[in-house]
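A short write-up of the structure that comes next.
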Amino acid sequence: MGAGEKQRVGESRSSVSTGALAGVIPGIVDTHVHQWDPLRSPREASKRTRLYRAAPVFGKAIFRYAVTQKDRELVLDPKFVTRPYLPKHYQHDAAAVLLTAGVPVESVVHMQADWRTDEPMAAAAETRWVAGLPFGVNGAPELGAIVARGDPRSPFFSQLLDVHLDISDRVTGIRAMAANHPDPKVRSWAEVEGLLADPDFLHGFAALADRDLVFDAWVYSHQLRDVRTLAREYPETTIVLNHFGTPVGLFGPMGQSTGHTAAQRHELMRAWREDISAVAQCQNVVVKLSGLAFPLLGYGHQRSGNIGTQQTLTSMTGPLLEHVVSVFGPDRMMFGSNFPADKPNATMATIVGTELDVLEPYGEELLRKVFRDNARRVYRID
């Protein structure tokens with residue numbers, strides 16, 4: 001990034017961008033949306049949801065005193081995971097984006113929400129459920145694509161992929177969450193740290209590559225080298241990195257000892273910059289500009305967890321966005337809201353506005369690619 005570009009980015013932060021996408025694209029593609037209904041689906045939070053819905057005050061007390069620190073810091077407020085989140089709820093959250101960006105959200109990519117079951121083919125049930133949701137009804141955005149769940153280590157992985165594909169032609173990708181943290185009080189989503197580089201994972205991944213599917217990878221920042229290993233092993237497969245490769249605790253204390261000092265946070269940023277630059281050298285990796293307000297970044301130390309103004313979020317996350325632009329370039333970045341996971345900290349309009357604050361100075365071509373064209377290409381949205 002040249003000095004002039006850096007100056008323009010800095011200048012953009014002095015005012016909130018409004019209407020920047022009007023006349024550039026007809027609508028935004030949101031590449032990272034979760035849909036769930038804890039009352040009617042086998043999610044980990046389903047049992048607690050029934051208790052919370054029956055007695056919200058009692059449920060909040062349980063959340064405060066009985067739920068582990070790792071789960072409290074992940075969700076901040078139980079209402080965001082214990083309530084259904086369906087197309088009508090997303091439509092409500094996305095409505096203000098039109099005022100901020102000048103265009104609405106036109107379509108979304110559903111990202112698997114980790115239904116909990118031990119049956120090898122049960123992940124397909126989520127795909128079937130999502131495919132039947134009322135997207136595109138009464139003004140709700142269309143369902144552009146589905147990224148389903150699957151574990152390449154499973155002996156049933158090939159069969160599961162075929163079931164996903166038989167259920168819906170909108171299934172264009174698979175995600176296996178590999179995020180694992182050494183801090184025992186930070187939530188891990190995989191039982192091993194190096195899942196993406198595991199020999200059994202790499203061997204089974206061939207079934208995904210053979211079907212020309214996209215793979216969504218979510219890791220924590222210290223695991224970014226595993227993404228590079230996978231991308232090099234399968235250079236013809238598109239790997240989509242979720243949430244910048246989340247640097248847990250970058251903005252504040254998390255877990256038992258993560259991000260608790262300024263020195264730790266400085267080292268997190270230094271290591272993240274170095275490792276994500278190395279990942280960007282793999283031309284088959286695309287990064288999502290998602291998870292800007294993700295609680296795991298360390299926002300929970302602020303009162304009620306809410307970040308506050310768009311200017312504040314832009315100031316905090318601008319260096320992340322700027323670095324990703326500099327190493328990935330305009331053709332390998334996509335917008336994602338990560339809703340409702342980011343909802344405790346910021347509105348969707350605030351997140352879109354923050355990205356526009358930083359990205360608008362790079363010009364309309366980059367905006368068109370980040371907010372629409374790249375997503376349509378990567379996820380084959382027609």
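Heads up: numbering here begins at 1 and tracks the sequence.
With Gln223 contributing its side chain and Asn180 its backbone, the two residues share a donor-acceptor pair below 3.5 Å. The main-chain N or O of Leu86 is found under 3.5 Å from a side-chain atom of His89 such that the two form a donor-acceptor pair. Judged by distance alone, the side chain of His260 and the main-chain N or O of Met254 form a donor-acceptor pair under 3.5 Å. Asn374 places no side-chain N or O within donor-acceptor distance of the main-chain N or O of Phe335, the cut-off being under 3.5 Å. Remark: the backbone N or O of Ala113 is paired with a side-chain donor or acceptor of Glu126 at under 3.5 angstrom. Thr317 places no side-chain N or O within 3.5 Å of a backbone atom of Leu320 that could act as its donor or acceptor partner. Formation of a donor-acceptor pair under 3.5 Å by the Arg332 side chain with backbone atoms of Val285 is found in this model. When atom types are taken as modelled, the side chain of His181 and the backbone of Ser188 share no donor-acceptor pair closer than 3.5 angstrom. Using a distance-only test at 3.5 Å, with no hydrogens or angles considered, a donor-acceptor pair links the side chain of Arg175 to the main chain of Gln112. Remark: side-chain polar atoms of Gln91 are paired, donor with acceptor, to backbone N or O of Asn138 under 3.5 angstrom.
No donor-acceptor contact under 3.5 angstrom links the side chains of Ser290 and Asn338, judged on distance only. With 3.5 Å as the limit, one finds a donor-acceptor pair spanning the side chains of Asp71 and Thr68. Between the side chains of Ser277 and His323, at least one donor N or O lies within less than 3.5 Å of an accepting N or O.
The OG1 atom of Thr258 lies 12.0 Å from the CG atom of Leu250; values are rounded to the nearest 0.5 Å. Taking CZ of Phe201 as the start and OG of Ser154 as the end, the distance is 12.0 Å to the nearest 0.5 Å. Atom-to-atom distance recorded for Gln310:CD and Thr350:OG1 is 5.5 Å, nearest 0.5 angstrom. Here Gln256 contributes atom CD and Gln69 contributes atom CD; the two are 8.0 Å apart, rounded to the nearest 0.5 Å. From Leu268, atom CG reaches atom CZ of Phe251 across 10.5 Å, with rounding to the nearest 0.5 Å. To the nearest 0.5 Å, atoms CD (Glu355) and CG (Leu292) are separated by 4.5 Å.
In this structure, the side chains of Thr246 and Tyr220 come closer than 4.5 Å at one or more pairs of heavy atoms. Residues Asp162 and Arg211 meet the side-chain proximity criterion, which asks for heavy atoms closer than 4.5 Å. Taking the side chain as every heavy atom from C-beta outward, Val370 and Tyr362 never approach each other to under 4.5 Å. Residues Leu21 and Ile28 meet the side-chain proximity criterion, which asks for heavy atoms closer than 4.5 Å. Side chains of His110 and Leu133 form no contact here, defined as non-hydrogen atoms less than 4.5 Å apart. Under the 4.5 Å side-chain criterion, counting only non-hydrogen atoms from C-beta, Phe135 is not in contact with Tyr90. Put simply, the side chain of Asp37 reaches to within 4.5 Å of the side chain of Trp129, judged on heavy atoms. Ser107 places none of its side-chain heavy atoms less than 4.5 Å from the side chain of Arg376.
Placement of Leu196 and Leu208 within a single hydrophobic cluster is found when ILVMFWY residues are connected by side-chain heavy-atom separations under 4.5 Å, directly or transitively. One hydrophobic cluster, built from ILVMFWY side chains closer than 4.5 Å, holds both Leu195 and Met177. Cluster annotation: Met348 is not connected to Val29 through the hydrophobic network of ILVMFWY side chains, with a link wherever side-chain heavy atoms come within less than 4.5 Å. Grouping the Ile, Leu, Val, Met, Phe, Trp and Tyr side chains by contacts below 4.5 angstrom, directly or via other members, places Leu356 with Val24. Cluster annotation: Leu366 is connected to Val287 through the hydrophobic network of ILVMFWY side chains, with a link wherever side-chain heavy atoms come within less than 4.5 Å.
Each of Tyr379, Tyr234, Phe205 was compared with Phe215 under the ring-ring contact (aromatic ring centres under 6.0 Å, His included) criterion, and only Phe205 meets it.
Remark: Lys185 does not engage Glu73 in a salt bridge, criterion side-chain N to carboxylate O under 4.0 Å. Between Asp198 and Arg153 there is no salt bridge, since none of the side-chain N atoms of the basic residue sits less than 4.0 Å from a carboxylate O of the acidic one. A salt bridge is absent between Asp183 and Lys70; no separation between the charged side-chain nitrogens and carboxylate oxygens falls under 4.0 Å.
The shortest heavy-atom contact between His243 and Trp218 is CD2-NE1, 3.6 Å. Between Ala209 and Thr237, the shortest heavy-atom contact is CB-OG1, 3.4 Å. Minimum heavy-atom separation, Gly252 to Arg265: N-CD, 3.7 Å. Here the shortest heavy-atom pairing between Ile381 and Ala375 reads CD1-O, 4.0 Å. Among all heavy-atom pairs drawn from Thr314 and Asp357, the shortest one is OG1-OD2, 3.0 Å. Nearest heavy atom pair, residue Leu367 against residue Ala20, reads CD1-O, 4.2 Å.
Grouped with Leu98 in a hydrophobic cluster is no other residue, since no side-chain heavy-atom contact under 4.5 Å to another Ile, Leu, Val, Met, Phe, Trp or Tyr is found.
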* To do: Report the C-alpha separation of Asp382 and Arg380 in whole Å, then their side-chain angles, then the decisive distance to 0.1 Å, and conclude whether the side chain to side chain contact (heavy atoms under 4.5 Å, CB included) test is met.
  => CA-CA 6 Å; Asp382 184 358; Arg380 299 157 200 163; over 6 Å; no
* Check the pair His164, Leu213 against side chain to side chain contact (heavy atoms under 4.5 Å, CB included), reporting the backbone distance first and the verdict last. => CA-CA 11 Å; His164 282 309; Leu213 291 168; over 6 Å; no
* To do: Decide yes or no on side chain to side chain contact (heavy atoms under 4.5 Å, CB included) for Tyr85 and His34, but give the supporting numbers first.
  => CA-CA 8 Å; Tyr85 196 74; His34 299 296; 5.7 Å; no
* Derivation of the side chain to side chain contact (heavy atoms under 4.5 Å, CB included) call for Asp93 and Thr347 -> CA-CA 7 Å; Asp93 287 337; Thr347 67; over 6 Å; no
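Surrounding CZ of Arg377 are more than 12 heavy atoms belonging to other residues, nucleotides or ligands, all under 6.0 Å away.
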